[in-house]
Amino acid sequence: MTVEPSALRTTGGWAGGHAAHLEQALLQARALIESTVSMHRERQVLPSTVARNNIAQLGAAMEQLIGTARHSVSIALTGLGEFTESALRLLAGSPVRTTVRVLCTADATQLCADRLRPIPESRLDARVTDRELRRLLVVDGRVALVLAPPHAAEGQFAVVHDTAAVRALELLLAGAWSGSRDLADHLRLSPRLRTELVRNILERLRAGHTDEAAAREINVSLRTYRRYVAEIMRALDASSRFQAGVRAVEYGLLSA
């Protein structure tokens, strides 16, 4: 656009002010661009927010993370294997100041109970769940280690530093934790209540069968059936048969 000289003369004050303002805006834009470039260069040399590693490095990575814990270590264990073995060994030797939370599946309960004995009860919370778990370690809510699913093509694990991702993993663990049961209670109930006969009785209690019909169905005497029902209710600390059914689900004796 062409500007007449007369216009420049009559608006000289405005033009001068506009030029100064434009120059200031350009300087600010330049500073912003330089700052962005600098941040980008720094980000290139910082560790990735998610670092993938070969399974051969698992033990060393877990040892490093647990060794740096200041407040809490939360872990989800499924079955046996290197992840479970390494985790339990390292947790048993973790600093006294650290709170340890362990959530495991039923097939790892006895191993957890044996290996976690060195940890004082005041800083240990161990629980059992029937939900499907991902093998997961979260330290201080700031970093997490996630093992690849068993069906993955390559045995890998990821160390996650991204705050939002770690928080999401914590919430995933909390969801499984909410429906879990205490490890000690689980083991205490196991010998007496985890039999086929008891499961059959619990199923009939939940279904509301009469004692006579239930005893006939599982081929025991009415007296024997009622004796088992009384023992089950005492073991579950239930005041009614309905409550016994609810607690049987809570303890994993019956599916939900």
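In this text, all values refer to a predicted model and were calculated from it rather than measured experimentally.
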Does Met62 reach the side chain of Phe83, with side-chain heavy atoms less than 4.5 Å apart? yes
Kindly write out the residues that satisfy side-chain hydrogen bond (donor to acceptor under 3.5 Å, both in side chains) with Ser180, not counting sequence neighbours, or none if the list is empty. Arg127
Partners passing side chain to side chain contact (heavy atoms under 4.5 Å, CB included) against Arg181 (at least two apart in sequence or in another chain): Val128, Asp130, His186, Arg194, Tyr251
Enumerate the residue pairs fulfilling salt bridge (Lys or Arg N to Asp or Glu O under 4.0 Å) with a member in residues 170-179, sequence neighbours excluded, ordered by first and then second residue. Arg167-Glu170
Smallest heavy-atom separation, Ala144 atom then Leu136 atom, equals CB-CD1, 4.4 Å
Set of side-chain hydrogen bond (donor to acceptor under 3.5 Å, both in side chains) partners for Arg199, sequence neighbours left out: Glu196, Glu203
If you compare all heavy atoms of Leu205 against all heavy atoms of Tyr225, which two are closest, and at what distance to 0.1 Å? CD2-OH, 3.9 Å
Which pairs of donor and acceptor atoms, one on a side chain in residues 107-122, lie under 3.5 Å apart (sequence neighbours left out)?
unit_1	atom_1	unit_2	atom_2	d
Asp107	OD1	Gly79	N	3.4
Asp107	OD1	Thr105	OG1	2.5
Thr109	OG1	Ala106	O	2.9
Gln110	NE2	Asp114	OD1	3.1
Asp114	OD1	Arg117	NH1	3.2
Asp114	OD1	Arg117	NH2	3.4
Arg115	NH1	Glu85	OE1	2.8
Arg115	NH2	Glu85	OE1	3.2

For a quick test of reading the model, state the closest non-hydrogen atom pair linking Leu202 to Ala244 and the distance between them. CD2-O, 4.5 Å
For Phe242, the rest of its hydrophobic cluster, which grows through side-chain links under 4.5 angstrom: Val246
Shortest non-hydrogen contact between Val160 and Ala165, atoms and distance: CG1-CB, 3.6 Å
Arg123 (side chain) donor-acceptor with Val100 (main chain) under 3.5 angstrom: no
Distance, nearest 0.5 Å, that separates CG of Asn200 from CD1 of Ile218: 6.0 Å
Test item: Leu58 and Leu145 side chains (from C-beta on) under 4.5 Å apart, heavy atoms: yes
Return the set of residues passing side chain to side chain contact (heavy atoms under 4.5 Å, CB included) with Ala168 (not counting sequence neighbours), or none when no residue passes. none
Tabulate below the donor-acceptor pairs under 3.5 Å that side-chain atoms of residues 226-238 make, not counting sequence neighbours, or state none.
unit_1	atom_1	unit_2	atom_2	d
Arg226	NE	Asp211	OD2	3.0
Arg226	NH2	Glu212	OE2	3.3

Of all the heavy-atom pairs spanning Val220 and Leu197, show the shortest one and how long it is. CG1-CD1, 4.4 Å
Is Arg101 reaching over with its side chain to a backbone N or O of Asp125, donor-acceptor style, under 3.5 angstrom? no
Supply the atom-to-atom distance Asp140 CG to Thr98 OG1, rounded to the nearest 0.5 angstrom. 7.5 Å
Do Val159 and Leu172 sit in one hydrophobic cluster, given that two such residues count as connected whenever their side-chain heavy atoms are within less than 4.5 Å of each other, even indirectly? no
Before you tell me yes or no, could you show the steps for Leu91 and Leu124 under side chain to side chain contact (heavy atoms under 4.5 Å, CB included), namely the whole-Å CA-CA distance, both residues' side-chain angles and the distance that decides it to 0.1 Å? CA-CA 10 Å; Leu91 289 174; Leu124 174 65; over 6 Å; no
Measuring from Arg216:CZ to Leu222:CG, what's the distance to the nearest 0.5 Å? 9.5 Å
All side chain to side chain contact (heavy atoms under 4.5 Å, CB included) counterparts of Glu217, not counting sequence neighbours: Arg204, His209
Partner set under side-chain hydrogen bond (donor to acceptor under 3.5 Å, both in side chains) for Thr163, not counting sequence neighbours: none
Can you give the donor-acceptor pairs under 3.5 Å from side chains of residues 67-78 to other protein atoms, not counting sequence neighbours?
unit_1	atom_1	unit_2	atom_2	d
Thr68	OG1	Gln64	O	3.4
Thr68	OG1	Leu65	O	2.8
Thr68	OG1	Arg142	NH2	3.0

Holding to side chain to side chain contact (heavy atoms under 4.5 Å, CB included), I want the full list of residues that pass it with Ser178, two or more places apart in sequence or in another chain. Arg131
